[in-house]
Protein chains: 2
Amino acid sequence: MREGPDISRISSLIGDPARASMLTALMAGKALTASELAREAGVTVQTASSHLGKLERGGLLRLRKQGRHKYFSLAGDDVAHVLEALMGLAADAGHLRTRPGPKNAALREARVCYNHLAGDMGTRLFDSMMARQFLSQPGDDLTLSPGGVRFVREFGIDLDALAANRAPLCRECLDWSERRSHLAGSLGRALLHRIEELGWARRDRETRAVLFTPRGRNGFEELIAAP
Amino acid sequence: MREGPDISRISSLIGDPARASMLTALMAGKALTASELAREAGVTVQTASSHLGKLERGGLLRLRKQGRHKYFSLAGDDVAHVLEALMGLAADAGHLRTRPGPKNAALREARVCYNHLAGDMGTRLFDSMMARQFLSQPGDDLTLSPGGVRFVREFGIDLDALAANRAPLCRECLDWSERRSHLAGSLGRALLHRIEELGWARRDRETRAVLFTPRGRNGFEELIAAP
DNA sequence: CTCATGGTTCGACGCTAACCGAAGCATTAC
DNA sequence: GTAATGCTTCGGTTAGCGTCGAACCATGAG
């Protein structure tokens, strides 16, 4: 017996065809629900549930509960790295691109999620705030940094009024089109409200789309640009 | 159902404990016979024969017949790379097969990763070469800069002979203990070979450890010191 | 409240694959 | 030649795991 980490445990997890299909699907970087992964793997939801439990316990997947949905994503870059290396070895057929299923371009760009901004512009705002360290995520919860407080105040939001509310200020929310995080919570709602207040955008009556004016688009891009 | 490279086939091969032990043993870079690998895995020779057949048919092992012996070795750098990456994941989960001991310390400092230098000294060599811009990473691939060419030549390596080989010259390999990059590819192999040639170090018979002499250690530190 | 939906647990079935004993080749040693 | 060593093939046993149907729990909608 040689020394070294136990490879077989992890590898046997990836070694099942159904689980491999799930992991491959998650390589696109977007979180998927248990049902979607079941369909992806061609098994029933019961079977998928068993597989997903093993993958999560094995440390390959990260789980985020949201309502009655469970969103799974790869646990980290190192997992993706292993999968990529395995695909290189298995270089039989060329790999396949994913179809995101675009319904409405405007909806994917910007839309309302309950009461906050979602879609591409929502995730970009979130990413920008994370990159500038306006938000930090020490544990499971999001908190606003001092720099973030300044940023939000300068945008014209009354933070004290929000803090008085007992609803959580910052919450992370997963996108159905982008499958990436954006900002929810009372701050997320306030941000969208302020965007409408400034005349940057208005909500469509029929759909959940958020329609930006040219001027609003410029303002938004300026807002999320690095300092 | 998503088509793609069949990572489950390869991964299920690695996923068996006996086969994983064999592959781990072969990470030392030495070719081993079927009987030795059987002992390594703790199974009878019949069972090992079956496993080795599968591994060879699966493209993970290369076979060299010599008399009545069969020498097995890893099929290539890409296989070693996958195994190393898997060890990184497994070590992360804290499922080490053997508890850390004195032998383990030597392994962390310097060991063989298939045919090149890994461990602390491997990553330090890599870092030093990156810092002096001997290696550049424009896209995904590593390339040797003119300064790097000079450095390697002065160390006594015949670069032209390496370039004649169609195997990639520089490759990045991720360490399971350091979780940082070190140099693989034909250049990585040549560097380790030169280190042994100079009498700076020798490989341990039993483990993957690379044991440096005091003189070799001095030479190595001088080599990676900034100009 | 009731209904619908997403996900889990349980039990049973069936298939696969790892394992070893014994016998069979093949090659080298004497 | 015979003996010994290295490895493979064959049969048969066993254990594990993937799979699905059915029932169950939890959340959200109306």
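A quick note: this is a predicted structure, and the numbers were derived from the prediction, not measured.
- Atom pair A/Y71:OH and D/dT27:C1' shows a separation of 14 Å (rounding to whole Å applied).
- Residues meeting the ring-ring contact (aromatic ring centres under 6.0 Å, His included) test with B/H51, sequence neighbours left out: none.
- Here D/dA29 presents its C1' atom at 12 Å from NE2 of A/H69, a figure rounded to the nearest Å.
- In this view, A/E221 and A/R124 satisfy the salt bridge (Lys or Arg N to Asp or Glu O under 4.0 Å) rule, not counting sequence neighbours.
- Computed from coordinates, the A/R9 CZ to D/dG16 P distance equals 18 Å when rounded to whole Å.
- Per the geometry, CE belonging to B/M22 stands 11 Å off P belonging to C/dA18, to the nearest Å.
- Rounded to a whole Å, the CG atom of A/L13 is 17 Å from the P atom of D/dG16.
- Between the NZ atom of B/K65 and the P atom of C/dA26 there is a distance of 11 Å, rounded to whole Å.
- Nucleotides of DNA chain D nearest to A/V43 and B/E36 differ in position, and the one nearer the 5' end is that of B/E36.
- Using the six-membered ring where Trp is involved, B/H81 and A/H81 have ring planes that are perpendicular, over 60° apart on the 30 and 60° scheme.
- The CG-P distance, from A/D16 to C/dC15, rounds to 17 Å in whole Å.
- Per the geometry, CG belonging to A/L37 stands 11 Å off P belonging to C/dT8, to the nearest Å.
- With sequence neighbours excluded, the residues satisfying salt bridge (Lys or Arg N to Asp or Glu O under 4.0 Å) with B/R194 are B/E197.
- Nearest nucleotide to the A/K70 side chain, out of C/dG6, D/dC20, C/dT8: C/dT8.
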Without placing hydrogens or testing angles, list every side-chain donor-acceptor pair under 3.5 Å for residues 9-18 of chain B, not counting sequence neighbours.
| from | atom 1 | to | atom 2 | distance (Å) |
| --- | --- | --- | --- | --- |
| B/S11 | OG | A/S11 | O | 2.9 |
| B/S11 | OG | A/S11 | OG | 3.1 |
| B/S12 | OG | B/S8 | O | 3.1 |
| B/S12 | OG | B/R9 | O | 3.0 |
| B/D16 | OD2 | B/A18 | N | 3.0 |
| B/D16 | OD2 | B/R19 | N | 3.2 |

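- Applying the side chain to side chain contact (heavy atoms under 4.5 Å, CB included) criterion to B/V112, with sequence neighbours excluded, gives B/L192, B/R203, B/V210.
- Taking the six-membered ring where the residue is Trp, A/F155 and A/W200 present tilted rings, their angle falling between 30° and 60°.
- Listed by residue number, the members of residues 45-58 of chain B with any heavy atom below 4.0 angstrom from DNA chain D are B/V45, B/Q46, B/S49.
- In terms of phosphate contacts, A/T44 brings no side-chain nitrogen or oxygen within less than 4.0 Å of OP1 or OP2 of D/dT19.
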